[in-house]
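What's counted below: heavy atoms across the whole structure, side chains too, no hydrogens, waters or symmetry copies. Proteins get letters first, then strands, A, B, ... in listed order; numbering begins at 1 in each.
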Amino acid sequence: MPELPEVEVVRRGLQSWVAGRKINEVYVHDARSIRRHQDGLADFIATLQGTTIIDIVRRGKFLWMPLDGVPGGAALVAHLGMSGQLLVEDSTAANEKHLKITFDLSASAAKPEQLRFVDQRIFGGMLIAPLVPTTDGAPGGQGSQAATVPQAASHIARDVLDLNFDIESFHRRLRIRRTSIKRAMLDQGLVSGVGNIYADEALWEAQMHYARPTDTLRRPDTVRLVDALSTIMDRALAAGGTSFDQLYVNVNGASGYFSRSLNAYGRNGQQCHRCADEGKLSLIRRDAFMGRSSYWCPACQRVPRNARF
DNA sequence: GGTCCGTCCTGTGGGC
DNA sequence: TGCCCACAGGACGGAC
């Protein structure tokens, strides 16, 4: 599934291929993909036609494209969910099985004329939202100089790759929570862009158990965790940047990052890499947690006292 | 207000 | 072979 680094690769691709181009026509093949657009299908199409995509901005896993030509300022917002793809293709290319929305773009030398939103599981979607000022006055996200964010994404916190991510504020907010660290990491209002896979990987990296109460975190613990998240995402971004075709802005969960080496996620019953390096035998465990799976090493991620399951 | 759970979805794989 | 069911998970709405 698209994680934050994959979404950043998509953003960069769209910046090259789509920014500055006009939307001539919009075809919505499955209205479920715009169900979060409150004003309905007809409004979605009518608002977009004739506008120009100014930029491509990302915060966490949210992407948005500020639009020129919408009174008051607005952006086309996209979330890829678990299976979403944004593809730049020629109109002669066959429709994908799960094609949901097609945008016909203005002609541009040697650039394909369509942007397509493809989504198998329909956990993702698109909508148009007004742009509102950021609460901290800093640019809204990666790829933007403007201190604005779509209203529909204004509750989303900054991610750890954002230059304006405030670790002090993050630590304070963690401390006053009465929950476990993994729940907090998956709360997009605290820190964005962390999914189940990277939560487990970062916790393994930081040698922290997923059920550790957030109010027991000391500042060095928070720093260690944020460092772990940054390291893992930087690593994935560096690896993923080369795994995509230059022409197609392709997010495909089956390729790219799933070949990356994981230390915890999906390794139930396998030897912990860190423990193995230290000559110890410890097998990664899988627990059901939050209706999801949590993978962790019982030896180097000790269950804390007062664990909050 | 904070926290947590059910729901939305479809493809895959295991069991019968 | 074909059917059924469990499972995977990001984000949101609603219950508590």
Phosphate contact (B:dC9 OP1 or OP2) by A:His98 side-chain N/O below 4.0 Å
no

Look at A:Arg286 and C:dC7 and indicate whether a side-chain polar atom (N or O) is within less than 4.0 Å of OP1 or OP2.
no

Can you figure out which of C:dA8, B:dT3, B:dT10 approaches the side chain of A:Gln120 most closely?
B:dT10

Presence of A:Arg32 side-chain N/O under 4.0 Å of B:dT10 phosphate oxygens OP1/OP2
yes

Quick check, are the ring centers of A:Phe289 and A:Tyr210 under 6.0 angstrom apart?
yes

Taking B:dC5, C:dC12, C:dA8 as options, the one with an atom nearest any side-chain atom of A:Arg183 is B:dC5

Determine: side-chain N/O of A:Arg121 to OP1/OP2 of C:dG9, distance under 4.0 Å, yes or no.
no

Within the 3.5 Å criterion, strictly below it, is a donor on A:Arg267 or A:His273 matched to an acceptor on the partner's side chain?
yes

Going by atom types only, do A:Lys61 and A:Ser192 share a side-chain donor-acceptor pair under 3.5 Å?
no

Base, sugar-phosphate alone, or nothing: which one does A:Phe62 contact when heavy atoms must sit under 4.0 Å apart?
sugar-phosphate

Does a side-chain N or O from A:His79 land closer than 4.0 Å to OP1 or OP2 of C:dA11, or not?
yes

A:Tyr198 side chain N/O closer than 4.0 Å to the phosphate oxygens (OP1, OP2) of C:dG9?
no

Heavy atoms from C-beta onward define the side chain here; which of C:dG10, B:dT10, B:dT3 lies closest to that of A:Arg177?
B:dT3

Ring stacking, A:Phe123 with base of C:dA11, under 5.5 Å and under 30°?
no

What nucleotide, of C:dA11, C:dG9, C:dC12, holds the atom closest to the side chain of A:Asn196?
C:dG9

Please determine, for the side chain of A:Lys61, which listed nucleotide (B:dC4, C:dA11, B:dG11) has the closest atom?
C:dA11

If you find the nucleotide of DNA chain B closest to A:Arg36 and the one closest to A:Lys97, which residue's nucleotide is nearer the 5' end?
A:Arg36

Residue A:Ser293, side-chain heavy atoms: nucleotide from B:dT3, C:dG9, B:dC9 that is nearest
C:dG9

Nearest to the side chain of A:Arg178 - B:dT10, B:dC4, B:dT3?
B:dT3

So, is the end of the A:Arg274 side chain (NZ or CZ) under 6.0 Å from the ring centre of A:Trp204 and within 45° of the ring's axis?
yes

Taking N and O atoms by type only, does the side chain of A:Arg292 place a donor or acceptor under 3.5 Å from a partner on the base of C:dA8?
no

